[in-house]
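Below: the structure, in structure tokens.
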Amino acid sequence: MSSFDDVRDLYQDVILDRARNPRHMHILDPFDAAARGDNPMCGDQVEVRIRRTPDARVAEAAFQARGCAISLASADLMAEAVRGLPDADIRALASDFRDMARTGATHSATPAIEMLRPLSGVCEYPSRVKCATLPWAALIAALDGAQEAQHE
Amino acid sequence: MNAETKIRPPFDAARERAPFDVARIREDFPILSQMVHGKQLVFLDSAASAQKPRAVIAAMTSAMETQYANVHRGLHWMSERTSDAYEGVRDKVAALINAPSRAEIVFTRNTTESINLVAHSYGRGILKPGQAVLITAMEHHANIVPWQMLRDAHGVELRVAPITDAGELDMEGFAKCLEDGRVGLVAVTHMSNVLGTYLPIQRIAALTHAAGAQLLVDGSQAVVHRAVDVQALGADFYVFTGHKLYGPTGIGVLWARRALLDAMPPFMGGGDMIGSVSFERSTWAEVPHKFEAGTPAILEAIGLGAAIDYVNAVGMDAISAHESALTDHAIAKLSEIDGLTIIGRAQDRGGVISFTMDGAHAHDVATLLDRNGIAVRAGQHCAEPLMRRLGLSSTARASFGIYTTPEEIDFLAATLVRVRSFFQ
């Protein structure tokens, strides 16, 4: 059986592992902010919840989702990458991640973006970019105090 | 053979054609020799839009290169030739669906526009507030949203007839929706774009008419796979689109009984749809022109005409038999795959198969298939309420056409086995 070598740039081991066994897919309660993201074209749904530290950083992020391997892995890595960061850093990270998903390249080399780099392969699959960015849209909506992510 | 399929005499011209030869048919579709990601294209997404035979491409190109002008306007050779070609397609469409008159064929942009035309014109002009429109739980968004807009603008009720777990219309539930006599229009798909289910249109028509309502049938999928006879079906409106029937995009059809079209007010105003115009008032042209405001999709109509000629030359019954065999083959092959579930088990079904796979989301399945050259659709298929009814968020869908081969289905099945182990 072939191992689909040509899709390994997208489905790296870390992606498959995170999709099969997500570490942060659970109901976070209590929480300080939450927002949903929906992709009506494909039926993917994600809800992201965050809890704050006393100095307004993200203490913990978790998600509930119905979606593909890319969206689950993206949400799971995101929840890990934003832990302990202030909002401004998260917004910058989200912007860098969005550009990476579209072009494969990043503007920075922070530990957080390095953690997300296994998702850079999605840039070769234009129809799948939204799968990777949907959890981020939900997270930013939660930071904004909105209940639902804006459609991109 | 289905009761609703046209029965042809045993020795008509169709029988004298060469037997159905899929290899020869494939030669007529230039795109099928394309490579995708370095692999031979296996196009299993015809239900979304079908590929085009050379005859269609040539007809449109030739019209542009040799006789193009606007229709119904010029007193010159080019315009007369183009008008003849455009109007000739109306006859071809009428014959394709056995419409009683060419004047009952209205050209639109696609099925969606045809349904919107009926929702605006018949819905606002003929239906009364307090009446109801009845659809089914397996409709495409195109046969849901226009009726919701009508409901909100005009005060008609929108009812939804239930379906069974097998993906068939619940006929008892359907009849119940008609009981109070308030339904003025029933709008149903002829063949589900998700489940492949054919609806029993003749029975639906009998119940609809007994309840004093009119019947609109969305033939987007069915007209591609089966001989359609709108009179035998008992439909009052029949709508479909050209691009799924191997024709170009931008051309669709509304057929309705003449008495309905005559009673309906125009949908859009402009040139070509008028009798005379003054600043005080205008009068309308006769049907079908009353519903064709502005310069129509001339080249696209000519392309549709070529597509109908092509399908007729192959023979709709032969196409139907070919696809029916493919569907049986695909169901057998896919059913063997561990962890794969085919959605819908209708008795009467066509070449559209939706499925899910344990441990693999439809998008991931579609991406892996794509990398092997196989094009399928994944998602909600413009039928979100149906997906909710089935308890699904998305499915992958393989759909077949005139050019699909059993070998392609075998390759799909073999690749799906590999996809399954990839995600395990």
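The sequence lines fix the lettering, A, B, ..., with proteins before strands; numbering per chain opens at 1. Just so you know, these numbers come straight off a predicted model, no measurement behind them.
Of all the heavy atoms in A:R66 and B:S393, the pair that sits closest is NE-CB, 2.9 Å. The minimum heavy-atom distance linking A:R20 with B:Q424 is given by the pair NH2-O, 3.2 Å. Here the closest non-hydrogen pair linking A:C131 and B:H363 is SG-ND1, 3.8 Å.
Of the atoms belonging to A:L72, not a single heavy atom falls under 4.5 Å from chain B. Residue B:V365: no heavy atom, backbone or side chain, is found under 4.5 Å from chain A.
Atom CZ of B:R109 has 12 or fewer neighbouring heavy atoms from other residues, nucleotides or ligands inside a 6.0 Å radius. The 12-atom threshold is exceeded at CE of A:M115, counting heavy atoms of other residues, nucleotides or ligands nearer than 6.0 Å. Within 6.0 Å of CG in B:D410 there are more than 12 heavy atoms belonging to other residues, nucleotides or ligands. Counting non-hydrogen atoms of neighbouring residues, nucleotides and ligands closer than 6.0 angstrom, the CD atom of A:Q147 reaches no more than 12 such neighbours. For B:Q148, the CD atom sits in a packed shell: over 12 heavy atoms of surrounding residues, nucleotides or ligands are nearer than 6.0 Å.
Separating the OH atom in A:Y11 from the CZ atom in B:F423 is a distance of 4.0 Å, to the nearest 0.5 Å.
Of all residues in residues 367-377 of chain B, those placing a non-hydrogen atom less than 4.5 angstrom from a non-hydrogen atom of chain A are B:T367, B:L368, B:R371, B:N372.
Between the B:D364 side chain and the A:A69 main chain, a donor and an acceptor come within less than 3.5 Å of each other.
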